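Please read these numbers as outputs of a predicted model, since none were measured by experiment.
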Amino acid sequence: MLLSKELLQKVRLIEITTRKVVDDVLTGQYRSHFKGSGVQFSEHRPYVPGDDVRHIDWRVSARSRDPQIKKYDEERELIVFLVVDVSGSENFGSQGKLKSEIVAEIGGMLAYAATHTGDRVGVLMFAGEVEYIVPPKKGRKHVLRLIRDLLAYSPKTKGTDLEGALEAADRIMKHRGIIFILSDFIAEGYSRQLMRLASKHDVVAVQIKDQRESDIPDVGQLLMCNPETGEEVLVDTGSYQFRKWFDEYRSRVEADSKATVRTGVERLQIVTEEDYTDTVVRFFRARSRRRKLR
């Protein structure tokens, strides 16, 4: 993929800013939440005074006639998968940045946090269908490649098949891992597949929103374009018919986004005009505290 000078500068800027956030505050939050209890059984060893008796394997001890302790090793590597919405609705932004740019920046931040702790990161991009997959790998060059692809990729299909993307992620992720879904969640019919995915993996729904998607003021005649289909229509934003349609549209979108809550998946909501860095850090801190209380 040939990159313009401007795009290369954006990639470099995202690298610098996201790496600083990861180094300063995010790595610890990521590790404590996703790696803290990531342990797996390694072997048995004889009990020695001072060991936690709760770790004694009584069945094995009975067979060997000596107390045996279960030894665990921390899982050093997890698979992190970013399921990224690149449909037309992501190319919208009323506050200086497009939703797709926010997605690239947050994706870069999450990728750095994962590779910083030794995990591999992969990406699945989808619009009307799954269009592009980057297998999980480690390293700075790989993270830069992911940021570049998230910034530069242009969808080939129309619409948003979130359900199909979740099904594909389910097939790809053979072992338990971490899945971040980065989307505006303007889609339908995905809740059942989301619930299935969450039963196997640690899933976080990162919803990217823009203020104008839920608040269109009365400004008279306005030419509106559907970014998913390219269809344009002239509307009267003050008319009763338009206000009724818009209220119904907002209700549908809100109902669909609440489907993530019903499935047990936690939702991190990012609004384009806000400083998302603080929002992401607060989210991880809150999850870490809840984890410790369990």
Side-chain angles (χ1 to χ4, degrees), residues 1-4 6-8 10-11 13-15 18 80-111 114 121-137 142-173 178-190 193-194 197 203-210 212-213 225-231 253 256-257 260 267-272 276 280:
M1 184 184 297
L2 296 176
L3 302 181
S4 66
E6 181 183 2
L7 189 56
L8 285 170
K10 284 186 178 181
V11 172
L13 179 61
I14 291 175
E15 180 201 14
T18 58
V80 178
F81 210 52
L82 308 181
V83 177
V84 181
D85 183 353
V86 294
S87 64
S89 62
E90 298 298 322
N91 291 319
F92 176 76
S94 63
Q95 303 296 319
K97 280 187 178 180
L98 302 177
K99 288 189 289 183
S100 59
E101 292 176 310
I102 302 293
V103 164
E105 293 173 8
I106 294 177
M109 183 186 298
L110 296 172
V121 189
V123 167
L124 178 152
M125 300 185 196
F126 72 96
E129 61 185 44
V130 174
E131 296 193 1
Y132 189 64
I133 297 173
V134 181
K137 291 183 181 179
H142 181 63
V143 173
L144 289 175
R145 185 248 175 112
L146 296 184
I147 296 172
R148 178 201 70 185
D149 290 349
L150 290 173
L151 282 172
Y153 190 81
S154 180
K156 300 177 178 62
T157 56
K158 296 180 179 180
T160 305
D161 186 6
L162 178 54
E163 181 184 19
L166 299 179
E167 289 177 354
D170 193 15
R171 292 194 301 269
I172 293 169
M173 294 285 281
I178 307 165
I179 299 177
F180 291 96
I181 307 167
L182 286 77
S183 173
D184 52 20
F185 287 87
I186 301 178
E188 297 178 351
Y190 60 83
Q193 185 58 44
L194 183 61
L197 198 65
V203 180
V204 178
V206 185
Q207 184 179 31
I208 317 297
K209 298 182 65 177
D210 188 273
R212 283 292 168 257
E213 292 173 325
C225 175
N226 185 333
E228 300 281 316
T229 64
E231 180 184 2
V253 171
D256 290 335
S257 66
T260 60
R267 180 175 57 169
L268 168 57
Q269 191 172 91
I270 305 293
V271 183
T272 54
Y276 67 84
V280 173

Among residues at least two apart in sequence or on other chains, which ones pass side-chain hydrogen bond (donor to acceptor under 3.5 Å, both in side chains) with K137? none

Looking at side-chain heavy atoms only, is the closest gap between L110 and V204 below 4.5 Å? no

Enter the distance from E105:CD to L13:CG here, rounded to the nearest 0.5 Å. 7.5 Å

Exercise: identify the closest heavy-atom pair between V130 and G164: CG2-O, 4.2 Å

Measure across T160 and S87 and return the closest heavy-atom pair with its distance rounded to 0.1 Å. OG1-OG, 3.1 Å

Test side chain to side chain contact (heavy atoms under 4.5 Å, CB included), reference V11, set L144, L146, L150, output is L144

If the condition is side chain to side chain contact (heavy atoms under 4.5 Å, CB included), which residues does E129 pass it with, not counting sequence neighbours? E131, T157

Evaluation steps, side chain to side chain contact (heavy atoms under 4.5 Å, CB included), between I133 and I172: CA-CA 10 Å; I133 297 173; I172 293 169; 3.7 Å; yes

Write down the atom of D85, the atom of S183, and the distance for their closest heavy-atom approach. OD2-OG, 2.9 Å

To check you understand the geometry: which heavy-atom pair defines the closest contact between V86 and P155, and what is its length? O-CG, 3.2 Å

Rounding to 0.5 Å, atoms NE2 (H142) and CD1 (I147) come to a distance of 10.5 Å

Between A169 and L124, the two heavy atoms sitting closest are N-CD1, 4.2 Å

With sequence neighbours excluded, what pairs up with E101 under the side-chain hydrogen bond (donor to acceptor under 3.5 Å, both in side chains) test? K10

Scanning both residues in full, the closest heavy-atom pair of L82 with G107 reads CD1-O, 3.8 Å

Interatomic distance, R267 atom CZ to Q207 atom CD [nearest 0.5 angstrom]: 5.0 Å

How far does CG of L194 sit from CZ of F185, to the nearest 0.5 angstrom? 7.0 Å

For the CD1 atom of I270 and the CD1 atom of I106, what is their distance to the nearest 0.5 Å? 4.0 Å

Candidate pair L151 and I14, rule side chain to side chain contact (heavy atoms under 4.5 Å, CB included), full reasoning: CA-CA 10 Å; L151 282 172; I14 291 175; 3.8 Å; yes

Heavy-atom distance under 4.5 Å between the side chains of V123 and D149, does that happen here? no

CG-CD1 distance between D170 and I179, expressed to the nearest 0.5 angstrom: 7.5 Å

